[in-house]
Amino acid sequence: MATTLKREFRDIIQYRNAYFLAFSATMGYACYGWEIGLIGGVVALPSFQQYFGLLSESASARASLSANIVSILQAGGFFGALFSSYFASRFGRKPALLASGVIYIIGSIIQSIAGIGTSSAVGLKILYFSRFFCGTGVGLISALVPTYVSECAPRAIRGRCTGSIEFSVGLGNMLAFWVNYSVSLNISPGQMQWRLPIIAQIVPGVLFLCFMLFQPESPRWLVESGRYDEAAAALAYIASKDQDDNAVVLTLSKIRADFAGKQRLPLLTQFRKMTESRVILLRCIIPSLATFFQQWSGTNAINYYSPQIFAGLGFSSTSSALFATGIYGVVKFVVTCLTLAFIIERWGRKRTLIYGGLAQGLMMLWIGGETGVHPSQGVVPATYVSIVAIYLFGVFFCIGWGFTPFILGSEVAPGHLRSAVMSLAIATTWLFTYVIAQITPIMLARITYGTYLVFGVASFIMAAWVYICIPETTGYPLEDIKYLFEKDIIVRSLEDAPGGRIFLGKRRAVSIEELKAIDGLPMNSPQDNLEELKSPSEEESVKVYSLRNSKSQKLEDPLII
């Protein structure tokens, strides 16, 4: 244990700049987490409902209006994510991230003043517009951050850095939940009771902008744009090394080789090239499938409608339901921190998705079964078990499907198509978050306990998909992950799955080393791919590196990212 902690502390020192970069970028996801955690509690406040005239509506109309207020953010997020690829490819990851932060702050300000000096009907329209506009900024953030972090993070800590997305989502969720609970207790019913939580969400947006100002551009985007000196400087900053360090030189040449002939592809060309081969198509589909499955876990149903869900389990007052929701946010945040620190790099992507999917599915089946057996809103002993099951669902979701789909998607996406692939994946997230936000109140009203059974069965399907179809990507350089999908994908996936070899008998997938040897040299070798790109000085640097490495230095992992 002491050795492990010592190694972790050494890694933190070595990769301090990379960790700060990941923290700065994923602070944008705190905006996302705050937004999705905020609105459910705000809509549940009687002061909000009275201000916008919801109390005079019928129960069904009120539910419909609440669903519209909640889900309009997802509509904006969908379009923001969809167009993120264009802005990220044309202007760079960092400028697009800064612009998205500005959009989020403006949208939050308009939300906070919606209805002032106007009728409730006009105020409601302004609220719709501002949430859509704010959602556009959040959508841009949500699509750009995984790409930016995965392209910058050292491979040794890439899972932890990209996974810190869920840390920031959990932080935003938790703070939003507790702000909602605090205003319900400490601020008398009125405009400020529901405006204050919206005003507070401006804070993470400002912090995100301030932190990102000091971060470098993605070295892979700089290489794609032909700005090699800046790319070397970015790599050196990320790894806390000198620009002429062997690891920086070799990593830069490897990235340049991977982009040979693929510089600055137009957006439509990127989408067209997704179908240029079976392997490329598969790698482009997996991120969207992973985020599609993530939404059917039921997590956003709980995020958006947890006050109503806890009320259905017996919490009669608004404050008690918000308190239970706040505890749920704390549980998710703590588990996310522990998972990032001790699990994601040890278990890998595949095991976390399998174990997390099976466990969260069991929790949903329990909640559905208990609700079906005890349909009344009275509290019985099994109700407390169901409440614990909701908290455990949050635990298992954070272990597996909370952030690993973003890590997996950003890793398997081809480098020259990554921004387009991730924009589609995050747009899929927003589209089905919108769907879940719209249908959850209807499902809870019409099929009641069947809602949880649907999510539970979906979780088992998700785990089976990963078990059979997804190879382990942990520890591979981004430029080498393509070999995982070259041959024997199902065989390789079962080899990597816990207990999967019992289904294979003596069959084994072709190793990555053998696949690279088939090419004679790695596909991103200077000899094969860099003749037109590499300068004489860089060629000499790589030769010097090879000579030094063969004579004296034995670096376990010379590549940075």
Side-chain angles (χ1 to χ4, degrees), residues 23 25-45 69-71 73-74 77 104 108 111 131 134-135 137-139 141-142 145-146 163-184 196-205 207-208 291 294-295 297-310 321-340 356 360 363 387 390-406 426 429-430 433 436-437 440:
F23 172 78
T26 56
M27 180 57 64
Y29 262 80
C31 305
Y32 171 79
W34 197 298
E35 269 285 5
I36 64 176
L38 164 85
I39 195 62
V42 169
V43 170
L45 291 172
I69 293 170
V70 169
S71 60
L73 180 87
Q74 282 69 50
Y104 169 82
S108 298
Q111 278 189 74
R131 282 188 58 76
C134 189
V138 176
I141 291 172
S142 64
V145 168
S164 59
I165 286 172
E166 187 63 23
F167 166 86
S168 296
V169 172
L171 178 64
N173 263 170
M174 180 181 67
L175 294 176
F177 289 155
W178 285 108
V179 168
N180 287 341
Y181 176 66
S182 297
V183 298
S184 71
L196 188 60
I198 299 176
I199 294 172
Q201 76 177 10
I202 298 173
V203 175
L207 292 176
F208 169 64
T291 54
Q294 181 195 54
Q295 294 310 303
S297 65
T299 180
N300 279 323
I302 296 178
N303 285 336
Y304 288 129
Y305 300 106
S306 50
Q308 294 92 316
I309 290 172
F310 281 114
L322 290 175
F323 177 78
T325 303
I327 296 296
Y328 177 74
V330 171
V331 169
K332 288 183 64 178
F333 178 72
V334 171
V335 174
T336 297
C337 294
L338 295 175
T339 300
L340 288 173
Q360 73 189 27
M363 295 304 101
I387 293 170
I390 290 177
Y391 293 143
L392 288 177
F393 169 85
V395 168
F396 298 130
F397 177 78
C398 289
I399 288 176
W401 286 86
F403 54 81
T404 309
F406 298 111
I426 304 302
T429 299
W430 283 103
T433 301
I436 295 299
T440 296

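- Shown here for Leu38 and Ala176, the closest heavy-atom pair between the two residues is N-CB, 3.7 Å.
- Between Ile141 and Phe208, some side-chain heavy-atom pair lies under the 4.5 Å cut-off.
- Side-chain contact check for Ile327 versus Phe177: every heavy-atom pair is 4.5 Å or farther apart.
- Using modelled atom types, one side-chain atom of Asn173 and one backbone atom of Gly33 make a donor-acceptor pair closer than 3.5 Å.
- Two residues are said to be in side-chain contact when any heavy atoms from C-beta on lie closer than 4.5 Å; Ile69 and Val42 fail this criterion.
- You'll find the side chain of Ser142 stays beyond 4.5 Å of the side chain of Thr429, heavy atoms only.
- The aromatic rings of Phe333 and Phe167 sit tilted, their planes meeting at an angle between 30° and 60°.
- Here the closest non-hydrogen pair linking Tyr29 and Pro146 is OH-CG, 3.8 Å.
- Annotation for Gln295 and Ile436: closest pair O-CG1, 3.7 Å, computed over non-hydrogen atoms.
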Trp34/Leu171 under side-chain contact (heavy atoms from CB on, under 4.5 Å): CA gap, chis, key distance, verdict: CA-CA 8 Å; Trp34 197 298; Leu171 178 64; over 6 Å; no
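- Between Asn180 and Gly41, the closest heavy-atom pair is ND2-CA, 3.5 Å.
- Phe393 is listed as a side-chain neighbour of Thr299, based on a closest heavy-atom distance under 4.5 Å.
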Show which side-chain atoms of residues 394-403 pair as donor or acceptor with protein atoms under 3.5 Å away, not counting sequence neighbours.
{"residue": "Trp401", "atom": "NE1", "partner": "Leu353", "partner atom": "O", "Å": "2.9"}

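- Thr440 places no side-chain N or O within donor-acceptor distance of the main-chain N or O of Ala301, the cut-off being under 3.5 Å.
- The minimum heavy-atom distance linking Leu73 with Cys134 is given by the pair CD1-C, 4.2 Å.
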Verdict with supporting geometry, Leu175 and Val203, side-chain contact (heavy atoms from CB on, under 4.5 Å): CA-CA 11 Å; Leu175 294 176; Val203 175; over 6 Å; no
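- When all heavy atoms of Ser297 and Gln360 are compared, the pair lying nearest together is CB-NE2, 3.3 Å.
- Looking at Ile165 and Val145, their side chains come closer than 4.5 Å, going by heavy atoms from C-beta outward.
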Test side chain to side chain donor-acceptor pair (under 3.5 Å) applied to Ser108 and Gln201, step by step: CA-CA 7 Å; Ser108 298; Gln201 76 177 10; 3.0 Å; yes
